Amino acid sequence: MNDAPAVPIDDGGRAVASPCCALKRTPAAASAAADAAADAAARTGSPRTADTVGLLALSGGTFLMGTDDPDGVPEDMEGPARPVRVDSFEIAATPVTNREFARFVESTGYRTDAERFGWSFVFHLLLAPSARQHVLDAAVPQAAWWLAVQGADWAAPDGPGSTVQGREQHPVVHVSYRDAQAYCEWSGTRLATEAEWEYAARGGLPQARFAWGDELTPDGQHRCNIWQGTFPTVNSADDGFVGTSPVTAFPPNGFGLYDVAGNAWEITAEPWRDPWGRTLPGERVIRGGSYLCHDSYCNRYRVAARSRTTEDSSSGNTGFRVAR
């Protein structure tokens, strides 16, 4: 084992788990220098024209956001269901892929937060054999399946020795909110607000539990990449995948959006607020759930589900989608 990374520590000296399967770096890890590096890198190279992104135009309007579903998570403040209006906007049909992020990196020389910090979180069953010696000595209480791995980043998602070859159309992961912002600045896009994201993810189905309706597997068909089996030790992969999957592996919703449930969490522009509406500095809302979601532990693949992450955090199950 190597020296422990800067993960959140409680009074007993243990790393602190974040809500659900979205982990956090310690707030002290963020620095003005890292922000400056991100800003400088994003302004380097040739900007990508926004019309090459493949955005879907949505008319907007008033919809019922949130849920009163008894399967909701009260501490995540999913409810109550309430009318919310969004203006017309555009949003990508898929999350940003490894291929798209690689073009950004090649154009700008950008280094992600995971690369600057030197480590990121990898799910234990996905750790590359060559990366075992790079596991850092940092435990995450109540989430021991997460390993802090030196050298894990978007291009080596399972740790040193792994690559994204063959995963070009999978969602880019091990990216932070700050990385997503840098990509958006380069591509002439932005992150969606939380209301925009949910409006788009619902696909025109008012108050449906999932993006495709109320049944998880209609007619026995899997509609998203989530965990099957016994979490976190046995994934039967009945949906065809253990880790991430191609962003168009499952049918789109009614608006033409793919991958709004499972696969990888999606970072939004929305600050996380406490029950009194106060913004928590440095925290952002994430939506959609991931390949690690399972009803016994985390049912946040529901369309109203939400969680949070810090702006510099990264893991092997978090990515983003762009809007405009």
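What you see is a predicted model; the values in this text were computed from it and never measured. FYI, the numbering just counts along the sequence from 1.
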Subject >> Minimum heavy-atom distance between Pro157 and Val173, given as atom pair plus value >> reply: CB-CG2, 4.3 Å

Original post:
Would Val234 end up clustered with Leu127 when hydrophobic side chains under 4.5 Å apart are linked, directly or stepwise?
Top reply: no

Subject >> Check against side chain to side chain contact (heavy atoms under 4.5 Å, CB included), Val73 and Arg300 >> reply: CA-CA 8 Å; Val73 183; Arg300 289 177 174 90; 3.5 Å; yes

Original post:
Same cluster for Val285 and Val96 if Ile/Leu/Val/Met/Phe/Trp/Tyr side chains link at under 4.5 Å?
Top reply: no

Original post:
Does a side-chain N-to-carboxylate-O contact under 4.0 Å join Glu311 and Arg178?
Top reply: no

Original post:
Sub-3.5 Å donor-acceptor pair from the side chain of Asp274 to the main-chain atoms of Trp276, do we have one?
Top reply: yes

**OP:** Take Val164 and His170 through the side chain to side chain contact (heavy atoms under 4.5 Å, CB included) test and state the conclusion after the steps.
**Re:** CA-CA 8 Å; Val164 293; His170 289 219; over 6 Å; no

**OP:** State, with a plain yes or no, whether a side-chain heavy atom of Glu196 is found less than 4.5 Å away from one of Arg190.
**Re:** yes

**OP:** State whether a side-chain donor-acceptor pair under 3.5 Å links Ser245 with Asn263.
**Re:** yes

Original post:
Which pair of non-hydrogen atoms, one from Tyr291 and one from Val242, has the smallest distance, and what is that distance?
Top reply: CD1-O, 3.6 Å

Original post:
Could you state the interatomic distance from CZ (Phe210) to CG (Asn299), rounded to the nearest 0.5 Å?
Top reply: 8.0 Å

Original post:
In Å, rounded to the nearest 0.5 Å, how long is the span from CG of Asn98 to CD of Glu168?
Top reply: 7.5 Å

Original post:
Taking a hydrophobic cluster as the set of Ile, Leu, Val, Met, Phe, Trp and Tyr residues connected by side-chain heavy atoms closer than 4.5 Å, whether directly or through intermediates, do Leu216 and Phe241 fall within one such cluster?
Top reply: no

**OP:** Quick one: do Arg103 and Val105 satisfy side chain to side chain contact (heavy atoms under 4.5 Å, CB included)? Show the steps, please.
**Re:** CA-CA 5 Å; Arg103 290 173 185 156; Val105 171; over 6 Å; no

**OP:** For residues Leu64 and Ala81, report the shortest heavy-atom separation together with the two atoms involved.
**Re:** CD2-C, 4.4 Å

Original post:
From Phe104 CZ over to Thr112 OG1, what is the distance, rounded to the nearest 0.5 angstrom?
Top reply: 9.5 Å

**OP:** Would you verify whether the NZ or CZ of Arg306 falls within 45 degrees of the ring axis of Trp272 while also being under 6.0 Å from that six-membered ring's centre?
**Re:** yes

**OP:** Report yes if the distance between the aromatic ring centroids of Tyr110 and Tyr183 is under 6.0 Å, otherwise no.
**Re:** no

**OP:** For residues Thr248 and Gln169, determine if any side-chain heavy atom of one lies less than 4.5 Å from a side-chain heavy atom of the other.
**Re:** no

Subject >> Separation between CZ of Arg302 and SG of Cys293, rounded to the nearest 0.5 Å >> reply: 9.5 Å

Subject >> Heavy-atom side-chain proximity of His222 to Asp238 below 4.5 angstrom >> reply: yes

Original post:
If only atom types and distance count, is the side chain of Arg284 paired as donor or acceptor with the main-chain N or O of Ala269 below 3.5 Å?
Top reply: yes

Original post:
Does the Ser130 side chain pair with the main chain of Pro160, one donor and one acceptor, at a distance under 3.5 Å?
Top reply: yes

**OP:** May I ask whether Leu205 and Tyr199 are part of the same hydrophobic cluster, defined by side-chain heavy atoms of I, L, V, M, F, W, Y residues being less than 4.5 angstrom apart, directly or through others?
**Re:** no

**OP:** Looking only at non-hydrogen atoms, find the nearest pair between Val322 and Cys184 and report the distance.
**Re:** CG1-SG, 3.9 Å

Original post:
Do the non-hydrogen side-chain atoms of Trp154 and Glu115 ever get within less than 4.5 Å of each other?
Top reply: yes

Original post:
Can you find a pair of side-chain heavy atoms, one from Arg321 and one from Asp259, that are under 4.5 Å apart?
Top reply: yes

Original post:
Which atom names give the shortest non-hydrogen contact between Ala114 and His174, and what distance separates them?
Top reply: CB-O, 4.0 Å

Original post:
Are Trp212 and Tyr258 grouped together when hydrophobic residues (ILVMFWY) are joined by side-chain heavy atoms under 4.5 angstrom apart?
Top reply: no

**OP:** Run through Ser314, Ser176, Ser313, Ser120 and flag the one making a side chain to side chain donor-acceptor pair (under 3.5 Å) with Asp113.
**Re:** Ser176

Original post:
Are any side-chain N or O atoms of Asn225 and backbone N or O atoms of Pro246, one a donor and one an acceptor, separated by less than 3.5 Å?
Top reply: no

Original post:
Just how far is it from atom CG of Asp214 to atom CD of Gln207, taken to the nearest 0.5 Å?
Top reply: 9.5 Å

**OP:** May I ask you to say whether Arg273 pairs ionically with Glu194, meaning some side-chain N is under 4.0 Å from a carboxylate O?
**Re:** no

Original post:
Under 4.0 Å between a Lys/Arg side-chain N and an Asp/Glu carboxylate O for Arg209 and Asp69?
Top reply: yes

Original post:
Do Met65 and Arg82 come within less than 4.5 Å of each other through their side chains, counting heavy atoms only?
Top reply: yes

Subject >> Inter-residue atom distance Tyr177.OH - Thr309.OG1, 0.5 Å rounding >> reply: 12.0 Å

Original post:
Near Gln165 CD, under 6.0 Å, is it more than 12 heavy atoms from other residues, nucleotides or ligands?
Top reply: no

**OP:** Without swapping roles, check the side chain of Gln150 against the backbone of Leu136 for a donor-acceptor pair under 3.5 Å.
**Re:** no

Subject >> Pair Leu191-Phe320, side chain to side chain contact (heavy atoms under 4.5 Å, CB included): steps then yes or no >> reply: CA-CA 8 Å; Leu191 295 175; Phe320 67 101; 4.0 Å; yes

Subject >> Nearest non-hydrogen partners of Asp179 and Arg111, listed with the distance >> reply: OD1-O, 4.5 Å

Subject >> Close side-chain approach of Pro232 and Leu125, heavy atoms under 4.5 Å >> reply: no

Subject >> Polar contact flag, side-chain donor to acceptor under 3.5 angstrom, Thr230-Thr233 >> reply: no

Subject >> Phe255 side chain near Val260 side chain, heavy-atom distance below 4.5 Å >> reply: no

